[in-house]
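First up is the structure itself, then whatever we jot down about it.
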Protein chains: 2
Amino acid sequence: MKRKSTKKIILEKALEHFSKQGYAGASIRQIARSVGIRESAIYNHFESKEEIFLALLYQFKSQTISKEILNDELLDQLSNPENFLKVFTRRLIDFWNTPQERKFIRVLLMEQFTKIGSSEISISEYLTDLRSICKLIFGEMSKNGIIKKFDTVVLADEFAAFLFLLRSEKISGDEKLPITKIYDLAEMHVDFFWNSVKA
Amino acid sequence: MKRKSTKKIILEKALEHFSKQGYAGASIRQIARSVGIRESAIYNHFESKEEIFLALLYQFKSQTISKEILNDELLDQLSNPENFLKVFTRRLIDFWNTPQERKFIRVLLMEQFTKIGSSEISISEYLTDLRSICKLIFGEMSKNGIIKKFDTVVLADEFAAFLFLLRSEKISGDEKLPITKIYDLAEMHVDFFWNSVKA
DNA sequence: GTCTATAAGGAGATAGAC
DNA sequence: GTCTATCTCCTTATAGAC
């Protein structure tokens with residue numbers, strides 16, 4: 001049983017502090033304390049506070065919905081499209097509801113307008129992933145005549161906007177909703193959406 | 001021609017700095033410099049940085065969509081519901097697109113997870129306004145048989161979620177979209193929505 | 001890789017003159 | 001109501017011993 005590297009623990013604790021107080025509000029001192037080392041020891045692993053933040057951004061950038069959620073088993077269900085949407089949405093919620101993702105989206109929402117280093121932090125960039133997968137899905141359904149003819153960009157946005165608000169407000173928010181309630185809200189959304197688009 | 005009071009200018013400049021760097025990232029020193037006075041002079045108007053922030057929160061809390069947007073002229077158009085939704089949405093966008101509102105929503109998004117003073121800053125609270133007006137509108141339409149029978153809470157959320165994302169991402173975001181493009185996106189949303197709900 | 005010690009500066013806030 | 005001067009604390013970051 002290998003111990004986690006100090007570097008990983010620093011990233012972990014940094015994410016925790018950033019997600020609670022924002023980048024500017026969190027200090028190296030607090031992070032070091034959480035890790036259990038002195039501030040100066042942090043600099044053995046990262047050159048600056050900024051570098052810690054950018055390392056976190058990078059880490060989460062490499063996680064994509066397609067990698068985490070879409071697999072053959074799910075894609076097989078495309079023959080039953082309404083059910084497919086429900087399963088897809090449910091998996092999305094489970095993924096977003098992991099502690100790491102909950103914290104990360106908070107950081108993203110908080111820092112989307114601040115410039116840290118040369119990096120522009122934009123929500124849009126992280127929404128692109130969900131949007132393009134939706135476009136793919138609805139494009140396929142449209143081609144097969146399963147749904148009415150719509151602009152797939154509009155469809156993707158209509159489907160994703162609600163989910164994104166659900167994520168920001170209900171999944172990662174401070175309001176502690178039970179997960180079953182979140183599933184319910186999502187299912188009502190899929191119902192409404194499916195009723196609107198089905199052929 | 002009366003000059004603006006120093007207090008008002010402080011609030012104005014504070015909002016500007018908070019919206020760019022967040023609460024923790026902005027300093028009294030910077031704000032004072034923008035106003036054109038020394039830091040110590042600020043304390044003649046506010047007891048603390050926190051009080052400045054809370055004053056801003058209070059100021060915007062008193063602005064409501066119903067006060068700013070809903071008037072008799074608009075309500076008269078309820079007989080043509082699709083057009084009503086379009087005019088309502090357009091007015092909403094114009095209101096959200098004012099410099100003050102653009103800045104304020106940024107602050108809200110940034111500080112929604114931080115605790116400043118004893119106040120909990122939640123997006124939900126500020127969304128309540130839009131949600132309840134939508135509930136009212138769709139409740140009325142439903143009663144008059146203009147739209148299909150739906151849970152008005154679901155309808156309100158489906159209608160508002162897209163608009164809120166539009167606001168966060170496109171209206172107040174850094175991506176500088178021309179306002180006509182935003183109108184277009186909103187109109188496509190109303191079209192999609194209306195097609196889904198009309199009786 | 002972590003420690004102690006310390007530098008250098010910025011923060012919020014106050015005292016008291018004008 | 002604004003100023004100068006100052007306090008105290010906290011911040012990021014570095015130097016050098018172990």
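So you know, we letter chains A, B, ... as the sequences are listed, proteins then strands, and number each from 1.
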| said: Test of understanding: with salt bridge (charged side-chain N to carboxylate O under 4.0 Å, His left out), list the residues that count as partners of Glu16(B), not counting sequence neighbours. | reply: Lys20(B), Lys103(B)

| query | Between Lys61(A) and Glu125(A), is there a side-chain N and carboxylate O pair less than 4.0 Å apart? | reply | yes

| Ser124(B) vs Glu169(A), side-chain hydrogen bond (donor to acceptor under 3.5 Å, both in side chains): CA-CA, chis, key distance, verdict | CA-CA 7 Å; Ser124(B) 299; Glu169(A) 192 185 10; 2.5 Å; yes

| query | Quick one: what's the B/S/- string for nucleotides 7-18 of chain D, heavy-atom cutoff under 4.0 Å, read 5' to 3'? | reply | ---SBBBBB---

| task | Please determine if Arg91(A) and Glu68(A) form a salt bridge, counting it only when a charged side-chain N lies under 4.0 Å from a carboxylate O. | result | no

| said: Tell me whether Glu39(A) is salt-bridged to Arg33(A), with the criterion being a basic N under 4.0 Å from an acidic carboxylate O. | reply: no

| Would you call Glu101(A) and Arg167(A) a salt bridge, using N to O less than 4.0 angstrom? | yes

| query | How would you list, by chain and number, every residue that makes a side chain to side chain donor-acceptor pair (under 3.5 Å) with Thr64(A), sequence neighbours excluded? | reply | Ser66(A)

| request: Start with the C-alpha gap between Ser48(B) and Glu51(B), add the side-chain angles, then the distance that decides, and say whether side-chain hydrogen bond (donor to acceptor under 3.5 Å, both in side chains) holds. | output: CA-CA 5 Å; Ser48(B) 63; Glu51(B) 210 197 73; 5.7 Å; no

| message | Tell me which residues in residues 108-118 of chain B lie within less than 4.0 Å of DNA chain D, going by non-hydrogen atoms. | response | none

| said: Exactly one of Phe60(B), Phe164(B), Trp96(B) should register a side-chain contact (heavy atoms from CB on, under 4.5 Å) with Ile105(B). Which one does? | reply: Phe164(B)

| query | For Arg106(B), what residues pass the salt bridge (charged side-chain N to carboxylate O under 4.0 Å, His left out) criterion, not counting sequence neighbours? | reply | Asp174(B)

| Which residues in residues 5-21 of chain B have at least one heavy atom lying under 4.0 Å from any atom of DNA chain D? | Thr6(B)

